[in-house]
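Encoded as structure tokens, the structure appears first; notes follow it.
All values below come from the heavy atoms of this structure, side chains included, with hydrogens, waters and symmetry mates left out.
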Amino acid sequence: MEEERGAAAAAAAAEEIRRLPAEVNWEMLDKSRFFVLGAGLFSGVSAALYPAVVVKTHLQVAPPPQAAAATVRAILGRDGVRGFYRGFGASLAGTVPARALYMAALEATKSSVGSAAVRLGVSEPAASAVSSAAAGVSAAVAAQVVWTPVDVISQRLMVQTSAACRYAGGADAFRKILAADGVRGLYRGFGLSIITYAPSNAVWWASYAMAQRLAWRVVGADRSESYPALMAVQGASAAVAGGAAALVTMPLDTVKTRLQVMETDAASARPTLGRTMRGLLKEGGWAACYRGLGPRWGSMSLSAATMVTTYELLKRLSAKEGSFG
């Protein structure tokens, strides 16, 4: 009897997944169109969300606690609108290769792990969650090879002001960091980035897959053919997953940002994870680890919703002719 109930539940879950919108997998994509369109779409999304990242970074590295509104006013008063886009050129230059690595690793891993799990007899809902989690980890690790140096450079440009301008631009920052600390300086915080983003991505993609299934139960799978309903469900599921990931990884992100932005010279000791963490706790206790949570939570939720709807649109635009039968 128990086996029959288990088989019936598995069959019902599989049927529920089959009723959901068709997934565009790696084999179905026109790779050239996928990467070219992706570079343009994600560059536009990054430009729209960049000011929130700048505000979050200022809040994380400022020694006395500040309110987000006060930080926004300070940046506007000091540098104008241009202040919200300091370091954007360097960030954008890294966005294209980083996103390409991320998307390739994500789709290739999701497709291979999902197929392998199903062949091993894992139920389709479990296989979907496992493949999404594994894809999130591999994508995060691959992208950080490019993102860490880009973060180090762009964050230093973000927090400098017109009155105290140490770097003339991304190329100048690259040369000076390389001269001062070598390649190691460009990859400061790499390990912490992996610790932060690999589990976060695993949880995010697994949560996103599950949130979508729950949302379709509420909306009704029969409405999956409606493009507005599809976009709404994907956007809402992504926003929930992004907000949760922001909350969980905030302390690690604050320490990582501080570690990457801190300057070194002959008279000062090289910043370490332990020293940075102790300094942060001394400044404001555990509350200091959550400075910038509001902008980061809002940015990650909005970014997740925007990025995922853009990403799902991108995959459909890049699907080979006849991929959907």
Closest non-hydrogen atom pair, [X] against [Y]:
{"X": "Thr310", "Y": "Thr306", "result": "OG1-O, 2.6 Å"}
{"X": "Ile153", "Y": "Ala90", "result": "CG2-CB, 3.9 Å"}
{"X": "Thr148", "Y": "Tyr187", "result": "CG2-CA, 3.8 Å"}
{"X": "Val137", "Y": "Asn201", "result": "N-CB, 4.4 Å"}
{"X": "Ala304", "Y": "Gly242", "result": "CB-CA, 4.0 Å"}
{"X": "Ala127", "Y": "Gly114", "result": "CB-O, 4.3 Å"}

Inset, instruction - Please lay out, stage by stage, how Leu41 and Val45 fare under the test side-chain contact (heavy atoms from CB on, under 4.5 Å). - result: CA-CA 6 Å; Leu41 287 170; Val45 172; 5.7 Å; no
Is [Y] reachable from [X] through a run of hydrophobic residues whose side-chain heavy atoms are each under 4.5 Å from the next?
{"X": "Val113", "Y": "Leu101", "answer": "no"}
{"X": "Leu313", "Y": "Phe34", "answer": "yes"}
{"X": "Val233", "Y": "Leu230", "answer": "yes"}
{"X": "Leu314", "Y": "Val36", "answer": "no"}
{"X": "Trp286", "Y": "Leu259", "answer": "no"}

Does [X] use its side chain to pair, donor to acceptor, with the backbone of [Y] at less than 3.5 Å?
{"X": "His58", "Y": "Met158", "answer": "yes"}
{"X": "Thr254", "Y": "Cys289", "answer": "yes"}
{"X": "Gln212", "Y": "Ser237", "answer": "no"}
{"X": "Gln234", "Y": "Thr309", "answer": "no"}
{"X": "Ser138", "Y": "Ala135", "answer": "yes"}
{"X": "Arg188", "Y": "Val152", "answer": "no"}
{"X": "Tyr197", "Y": "Leu192", "answer": "no"}
{"X": "Gln144", "Y": "Ile194", "answer": "no"}
{"X": "Arg156", "Y": "Gln260", "answer": "yes"}
{"X": "Asp30", "Y": "Arg33", "answer": "yes"}

Inset, instruction - With sequence neighbours left out, write down each residue that passes side chain to side chain contact (heavy atoms under 4.5 Å, CB included) with Phe35, or none if nothing qualifies. - result: Trp26, Lys31, Ala100, Met103, Ala104
Inset, instruction - I would like to know whether Leu37 and Ser318 meet side-chain contact (heavy atoms from CB on, under 4.5 Å); could you show each step before the answer? - result: CA-CA 8 Å; Leu37 285 175; Ser318 304; 4.1 Å; yes
Legend entry - Arg278: salt bridge (Lys or Arg N to Asp or Glu O under 4.0 Å) partners, not counting sequence neighbours: none
Inset, instruction - Would you please name every residue forming a salt bridge (Lys or Arg N to Asp or Glu O under 4.0 Å) with Arg175, sequence neighbours left out? - result: Asp172
Note, [X] side chain near [Y] side chain (heavy atom, < 4.5 Å):
{"X": "Phe84", "Y": "Asp79", "answer": "no"}
{"X": "Arg217", "Y": "Leu214", "answer": "yes"}
{"X": "Glu107", "Y": "Lys315", "answer": "yes"}
{"X": "Arg291", "Y": "Glu283", "answer": "yes"}

Inset, instruction - Please step through side-chain contact (heavy atoms from CB on, under 4.5 Å) for the pair Val122 and Val130, ending with a clear verdict. - result: CA-CA 10 Å; Val122 178; Val130 168; 5.5 Å; no
Legend entry - Pair Thr249, Arg296: side-chain N/O donor-acceptor within cut-off below 3.5 Å: yes
So, taking the atom named [atom1] in [X] and the one named [atom2] in [Y], what distance separates them when rounded to the nearest 0.5 Å?
{"X": "Ser43", "Y": "Leu92", "atom1": "OG", "atom2": "CG", "answer": "4.5 Å"}
{"X": "Thr71", "Y": "Leu76", "atom1": "OG1", "atom2": "CG", "answer": "11.0 Å"}
{"X": "Ile75", "Y": "Arg73", "atom1": "CD1", "atom2": "CZ", "answer": "11.5 Å"}
{"X": "Lys176", "Y": "Arg166", "atom1": "NZ", "atom2": "CZ", "answer": "6.5 Å"}

Legend entry - side-chain contact (heavy atoms from CB on, under 4.5 Å) between Ile177 and Tyr167, intermediate numbers included: CA-CA 10 Å; Ile177 294 168; Tyr167 305 111; 4.3 Å; yes
Legend entry - Partner set under side-chain hydrogen bond (donor to acceptor under 3.5 Å, both in side chains) for Arg99, not counting sequence neighbours: none
Side-chain donor-acceptor pairs of residues 47-55 under 3.5 Å, sequence neighbours excluded:
| from | atom 1 | to | atom 2 | distance (Å) |
| --- | --- | --- | --- | --- |
| Tyr50 | OH | Arg86 | O | 2.7 |
| Tyr50 | OH | Gly87 | O | 3.3 |
| Tyr50 | OH | Phe88 | N | 3.3 |

Inset, instruction - Can you tell me which residue pairs pass the salt bridge (charged side-chain N to carboxylate O under 4.0 Å, His left out) test with a partner in residues 36-57, sequence neighbours excluded? - result: Lys56-Asp253
Inset, instruction - Establish, yes or no, whether a centroid distance under 6.0 Å links the rings of Tyr208 and Trp204. - result: yes
Legend entry - Crowding at OH, Tyr290 (>12 non-hydrogen neighbours, <6.0 Å): yes
